[in-house]
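We count ligands from 1, going down the list as the structure has it; atoms in each ligand are counted the same way.
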Amino acid sequence: MKIRAAVLEEFGAPLAVQELDLDEPRAGEVLVRLVACGVCHTDLYTASGADPSGYAPTVLGHEGAGVVEKVGEGVASLAPGDHVVTLFSPQCRECVHCVDPRTNLCMAIREEQNKGHLPDGSTRLHRDGEEIRHFMGCSTFAEYTVMPEIALAKVNPEAPMEHACLFACGLSTGLGAAMNTARVQPGTTCVVFGAGMVGLGAVAGCRLQGAERIVCVDLSEERLELARGQGATDVMVGDEGTVERILEMTGGYGADYTFEATGLVGVMGQAVEAARMAWGLCTIAGVAGKGETLDVVPRLLITGRRIAGSSFGGVKGRDQVPELVNRYLAGEIDVEPFLSHRITLDEVNRGFELMEAQDGIRSVIELA
Ligand SMILES: NC(=O)c1ccc[n+]([C@@H]2O[C@H](COP(=O)([O-])OP(=O)(O)OC[C@H]3O[C@@H](n4cnc5c(N)ncnc54)[C@H](O)[C@@H]3O)[C@@H](O)[C@H]2O)c1
Ligand SMILES: [Zn+2]
Ligand SMILES: [Zn+2]
């Protein structure tokens, strides 16, 4: 079929919205009509050429929500009409990691996904016979996409798509960092560095876990205001004195849990230092620049601080994204403040500009 999609032709150049051919779903695959899609830093990171593993031409986008149109052979868990959220982090439910409760890092299709292929090693996207690669296994800056069944979470159809799509990446990452990776305990003190989509999600996750005190640190007063809306009890503009102020606020000890959601290694260091001696856990969600390293004084670890990394918040997507969406529908997560701009597919490059200008938390492309 013919579809319209936003193609990354060349690193550093604007995306080009154009007509492409999309093949029928093969065995284990699903054709999805996209309704909404968030514009994320990872899309821009690849578009800019900064990502060393990036490839082109490809259809970007990975924060999609839509409706199943058609299923390929052997697909049993989804049927036409189902509402789905796309998962760049799939869940096969069978591999060594999927059967272990400690991780969400599914191994089933990793290699081919990293090459921009569907699991069988080919692409469904073409242009005059040329292969167009699938970005993060999703390629959701498009009217339709074909994705593996194991990379789609079936969600409650009552959830508006423009909100549901935010659970495809940053929001679930932040929520999951607090709920799965750190497993924040009730009555504790948490500090979240960064109040973008991921950090705000972490603030909400700490609140849902019953934290007593949630401090959010960011450079933007506007974003700190959003953090209050998600449950931050204290907010602070970050600088070199941040750690000292957090120690002062916590009787000189530091916080039970800290979260880093900026991608800056300097801030990661602060998040480690702000974690409490004896048992403080620092969870790192930010993605650092290529080649950057995190410097940690080993004494901080010997005296009981721990550091954990979190990919997609440790969320096992097919099981947990539907649960998170239901908690949102039950009124436990306030998603509307994250949706800053509604744009069309043709305005996708404007979505990047808004993000670079830090104008709002998320721009969402409305496709239908
Ligand atoms: N681990 C994962 O699976 C995963 C998933 C999605 C995104 N990410 C990463 O998470 C990070 C955050 O993503 P986002 O979409 O929320 O980004 P964002 O750019 O919207 O938010 C980052 C925030 O950090 C703040 N900040 C900058 N310097 C700071 C400082 N010195 N102290 C405190 N705050 C500071 C900025 O003001 C901004 O609000 C990125 O690195 C992104 O790549 C990771
Ligand atoms: Zn994303
Ligand atoms: Zn798996």
Side-chain angles (χ1 to χ4, degrees), residues 37-46 50-51 60-64 86-100 103-110 135-136 138 140 148 150-151 165-177 181 191-203 215-224 226-227 235-243 259-271 274 283-289 292 308-318 338 340 354-363:
C37 180
V39 180
C40 173
H41 292 274
T42 310
D43 300 303
L44 180 59
Y45 182 57
T46 296
D51 178 4
L60 292 181
H62 62 282
E63 296 191 356
T86 63
L87 302 170
F88 67 86
S89 179
Q91 184 190 359
C92 76
R93 294 183 172 140
E94 285 167 8
C95 74
V96 61
H97 286 167
C98 277
V99 298
D100 194 304
T103 180
N104 65 335
L105 296 177
C106 177
M107 300 305 285
I109 61 173
R110 245 179 140 70
F135 178 66
M136 294 173 82
C138 296
T140 49
I150 63 168
C165 73
L166 301 181
F167 288 89
C169 181
L171 179 53
S172 295
T173 297
L175 288 164
T181 310
V191 180
V192 178
F193 290 83
M197 185 73 270
V198 176
L200 292 169
V203 169
V215 185
C216 187
V217 187
D218 200 283
L219 304 182
S220 148
E221 296 280 3
E222 207 178 315
R223 287 186 166 205
L224 289 173
L226 290 174
V235 297
M236 137 184 349
V237 173
D239 57 32
E240 319 76 57
T242 303
V243 174
F259 297 88
E260 184 284 327
T262 69
L264 303 169
V265 290
V267 178
M268 292 178 190
Q270 290 186 321
T283 300
I284 293 186
V287 177
E292 290 186 316
S310 184
S311 171
F312 192 46
V315 169
K316 287 182 186 278
R318 289 162 80 198
F338 304 137
S340 325
L354 289 165
M355 196 161 61
E356 282 184 302
Q358 255 199 30
D359 183 335
I361 297 297
R362 272 293 186 273
S363 297

Review point. Is the backbone of Ile150 close enough, under 3.5 Å, to the side chain of Arg93 for a donor and an acceptor to pair up by distance?
Key: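 Checking the backbone N and O of Ile150 against the side chain of Arg93, no donor-acceptor pair under 3.5 Å is found.
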Check your understanding: Distance-only, no hydrogens or angles: does the Glu260 side chain make a donor-acceptor pair with backbone N or O of Ala271 under 3.5 Å?
Key ->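 No: the side chain of Glu260 does not pair with the backbone of Ala271.
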Check your understanding: Near ligand 1, which residues have a heavy atom under 4.0 Å away from one of its atoms?
Key ->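 Residue list for ligand 1: His41, Cys169, Thr173, Gly194, Ala195, Gly196, Met197, Val198, Val217, Asp218, Leu219, Arg223, Ala261, Thr262, Gly263, Leu264, Val267, Ala285, Gly286, Val287, Ser310, Ser311, Phe312, Gln358, Arg362.
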Check your understanding: Is the distance from the Zn ion (ligand 2) to the nearest N/O/S atom of Cys40 under 2.8 Å?
Key ->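 So Cys40 does bind the Zn ion (ligand 2) by this criterion.
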Exercise for review: Mind checking the CZ-CE spacing from Phe193 to Met236? Nearest 0.5 Å is all I need.
Suggested key: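 Answer for the CZ-CE pair, Phe193 versus Met236, is 8.0 Å.
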Review point. How long is the gap from NE2 on His62 to OG on Ser89, to the nearest 0.5 Å?
Key: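 Between atom NE2 of His62 and atom OG of Ser89 there are 11.0 Å.
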Review point. Which angle, to the nearest 10 degrees, do you find at the Zn ion (ligand 3) between SG in Cys92 and SG in Cys106?
Key: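 An angle of 110° at the metal.
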Exercise for review: Check the surroundings of atom CD in Glu292: do more than 12 heavy atoms from other residues, nucleotides or ligands lie under 6.0 Å from it?
Suggested key: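 Yes, enclosed.
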**Study point:** Heavy-atom check, side chain of Glu63 versus side chain of Thr140, under 4.5 Å
**Key:**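 No, side chains not in contact.
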Practice item. Decide yes or no for Leu44 and Glu356: does some side-chain heavy atom of the first lie under 4.5 Å from some side-chain heavy atom of the second? Key: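 When only atoms from C-beta onward are counted, Glu356 and Leu44 do touch, with a gap below 4.5 Å.
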Practice item. Determine, step by step, whether Cys40 and Arg362 satisfy the side chain to side chain contact (heavy atoms under 4.5 Å, CB included) criterion, reporting the C-alpha distance in whole Å, the side-chain angles of both residues, the deciding distance to 0.1 Å, and the verdict. Key: CA-CA 7 Å; Cys40 173; Arg362 272 293 186 273; 3.5 Å; yes
Practice item. Measure from the Zn ion (ligand 3) to each N, O or S atom of Cys98 and report whether any distance is below 2.8 Å. Key: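 So Cys98 does bind the Zn ion (ligand 3) by this criterion.
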Point to revise | Angle in degrees, rounded to 10°, that NE2 of His62 and SG of Cys169 form at the Zn ion (ligand 2) | key: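 If I round to 10°, I get 120°.
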Review point. Which atom, among the N/O/S set of Glu63, is closest to the Zn ion (ligand 2)?
Key: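 Answer by atom name: OE2.
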